[in-house]
Every structure is written in C-alpha cells, then in structure tokens.
**Student:** 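First, the structure itself, so that you have it in front of you.
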Amino acid sequence: DIQLTQSPSFLSASVGDRVTITCRASQGISSYLAWYQQKPGKAPKLLIYAAFTLQSGVPSRFSGSGSGTEFTLTISSLQPEDFATYYCQQLNSYPLTFGPGTKVDIK
Amino acid sequence: EVQLVESGGGLVQPGGSLRLSCAASGFSFSDHYMDWVRLAPGKGLEWVGRSRNKANSYTTEYAASVKGRFSISRDDSKNSLYLQMNSLKTDDTAVYYCSRADFSGGIPYSFYWGQGTLVTVSS
C-alpha cells in the first residue's frame with residue numbers, strides 16, 4: 001500500500017499569511033494526487049486534482065504542485081474561511097489512501 | 001444539480017450489521033464510479049471502497065481494514081449506492097460519506113460528496 005505523510009500536522013497562521021503544506025508518498029504516484037479541505041461537521045471539498053488542477057469555483061489563492069513522491073498545497077494569502085483541515089489523497093493504486101491531515105488554525 | 005444523500009446510520013452493537021444507502025440525483029448514476037469514505041472521531045479521512053460504473057461491470061475495491069466485512073453494491077434503477085457492513089467493530093464508528101468520482105486524465109477523482117451519515121458501534 002502507498003503511505004502518505006503530511007507536514008506539518010498542525011499549523012497556526014494569521015490572515016494574509018502564505019501557507020504551504022507538504023504531502024509525501026512512500027512510492028511514486030506520478031501526478032495522481034488530490035487535495036481536500038474539510039471543516040468540522042462538513043463533507044470534504046475537492047480543491048485540487050491531478051496534483052495541480054484547480055477545481056472549478058475554488059479561489060485562485062489555492063495552488064498545487066509536485067509529482068512523483070513530493071507534493072505541495074499552497075495558500076497564497078490565508079483567508080478566514082480557509083481555517084480547516086487539509087488532506088491529500090493518492091489515486092495511483094488501490095487501496096486509495098489519504099494523508100493524515102494538516103489542521104490550519106488561527107494564530 | 002448533483003445531489004448525494006446518505007442514510008441508514010445509527011447505533012449498532014459490536015458484531016452487528018448495518019446497511020448504509022446513498023441516494024443519487026442530478027446525473028446518470030450508472031455512468032459513474034462511486035466511493036465510500038469515512039471520518040472517525042479524532043481521526044483523519046479513510047477511503048473505504050469503490051464501485052466502478054456499469055461500463056466496468058460494477059466491480060469493487062476495498063480498504064484492507066474492511067475487506068471481507070463490508071460490501072458495496074448499487075441499484076441503478078433506484079439511483080442508489082449501498083454499503084453493507086457486517087461484523088462491525090468499535091473502530092468502525094465514523095461518519096460515512098459517499099462520493100461521485102469523475103475522470104480526469106484517466107483517473108477518477110471524487111468531485112461530489114454527500115453530507116454523511118453517522119455510524120456508532122458500541123455496546
């Protein structure tokens with residue numbers, strides 16, 4: 001199975017900050033990676049798919065990059081509505097797996 | 001408008017069974033891969049399993065943690081996806097989400113999600 005790790009697991013940031021979350025895969029997954037945002041009591045929301053493609057309706061302050069085993073999600077200027085938990089997911093092979101999540105909290 | 005509505009959650013004793021449903025509307029259900037994903041209290045998202053579409057004979061895939069205990073089925077005449085959960089353990093306590101996968105570059109990603117249904121396994 002492909003394991004995903006995320007760093008950091010928790011980060012405290014202020015509105016307007018640039019935030020970067022890293023996702024590393026235990027083996028190469030090409031660009032078959034998605035990023036989700038989840039808020040308490042809500043369903044996950046797809047932000048980025050195929051490593052860097054922004055889902056329709058997602059603000060352009062979100063961006064994704066990487067391929068192979070290392071990927072990043074960047075929020076260029078953190079907004080109040082961005083405080084949430086972020087997960088990466090690999091879709092290269094079964095079983096599909098998620099990273100453990102990164103919680104972004106208000107400083 | 002794509003809508004996914006899960007139901008069937010509740011309290012069940014360890015070793016018991018439960019069947020979750022996901023009612024789909026707003027799209028051609030038989031054309032799409034569908035997933036189940038869960039979120040346990042204090043934990044992260046966990047992929048549970050997948051049902052491929054009609055064109056791929058509705059074949060399924062499962063996470064190791066549920067293989068042999070859970071099974072995914074669908075009834076295209078009712079636009080519904082099911083998750084039959086047997087031999088439930090306390091670790092299966094979670095909110096269960098269904099999602100619709102859409103293809104991009106040959107890979108199905110979960111673009112649409114339901115609101116989830118809570119399953120509690122406890123004596």
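Chain naming here is simple, since letters A, B, ... match the order of the sequence lines and numbering starts at 1 in each. Computed from a predicted structure; not experimentally measured.
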**Student:** Less than 4.5 Å to any heavy atom of chain B: does that hold for the side chain of A/Lys42, its backbone, both, or neither?
**Tutor:** backbone
**Student:** What residue, out of B/Tyr112, B/Trp47, B/Tyr62, has the most heavy-atom pairs lying under 4.5 Å from chain A?
**Tutor:** B/Trp47
**Student:** Could you tell me which of A/Ala34, A/Ala50, A/Ser56 has the largest number of non-hydrogen atom pairs under 4.5 Å with chain B?
**Tutor:**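 Greatest number of close heavy-atom pairs with chain B: A/Ala50.
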**Student:** Under 4.5 Å, counting heavy-atom pairs only, tell me which of B/Lys67, B/Arg52, B/Lys43 racks up the most with chain A.
**Tutor:**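 Most pairs with chain A among the choices: B/Arg52.
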**Student:** Could you verify whether a donor N or O on one side chain and an acceptor N or O on the other, from A/Gln3 and A/Asp1, lie under 3.5 Å apart?
**Tutor:** no
**Student:** Name the region of A/Leu33, side chain, backbone, both or neither, that has any atom closer than 4.5 Å to a heavy atom of chain B.
**Tutor:** backbone
**Student:** Establish, from distance only, whether the side-chain atoms of B/Ser17 and B/Asn86 form a donor-acceptor pair under 3.5 Å.
**Tutor:**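 Indeed, the side chains of B/Ser17 and B/Asn86 share at least one donor-acceptor pair under 3.5 Å.
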**Student:** List the steps, then state whether side-chain hydrogen bond (donor to acceptor under 3.5 Å, both in side chains) holds for A/Thr97 with A/Gln90.
**Tutor:** CA-CA 6 Å; A/Thr97 46; A/Gln90 68 81 20; 3.1 Å; yes
**Student:** Between the side chains of A/Arg24 and A/Thr69, is a donor N or O closer than 3.5 angstrom to an acceptor N or O?
**Tutor:**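 No.
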**Student:** Please classify the contact of A/Ser31 with chain B as side chain, backbone, both or neither, using a heavy-atom distance under 4.5 Å.
**Tutor:**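 For A/Ser31, backbone heavy atoms alone lie under 4.5 Å from chain B.
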**Student:** Please evaluate residues A/Thr102 and A/Gln6 with respect to the criterion side-chain hydrogen bond (donor to acceptor under 3.5 Å, both in side chains), reporting the C-alpha separation (whole Å), side-chain torsions for both, the decisive distance (0.1 Å), and the verdict.
**Tutor:** CA-CA 7 Å; A/Thr102 295; A/Gln6 287 183 233; 3.1 Å; yes
**Student:** Looking at A/Phe52, I want to see if its CZ is surrounded by more than 12 non-hydrogen atoms of other residues, nucleotides or ligands under 6.0 Å.
**Tutor:** no
**Student:** Assign the ring pair A/Phe62 / A/Tyr86 to parallel, tilted or perpendicular, where the plane angle (0 to 90°) is split at 30° and 60°.
**Tutor:**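 The arrangement is tilted - the two ring planes meet at 30° to 60°.
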**Student:** For chain A, which residues of residues 90-111 of chain B have at least one non-hydrogen atom nearer than 4.5 Å to it?
**Tutor:** B/Tyr97, B/Ser104, B/Ile107, B/Pro108, B/Tyr109, B/Ser110, B/Phe111
**Student:** For the pair A/Glu81 and A/Arg61, find out whether any cationic side-chain nitrogen is under 4.0 Å from an anionic carboxylate oxygen.
**Tutor:**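 So A/Glu81 pairs with A/Arg61 through a salt bridge.
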**Student:** Assess, by modelled atom type and distance only, whether the side chains of A/Tyr94 and B/Glu61 contain a donor and an acceptor separated by less than 3.5 Å.
**Tutor:**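 No, B/Glu61 and A/Tyr94 have no side-chain donor paired with an acceptor closer than 3.5 Å.
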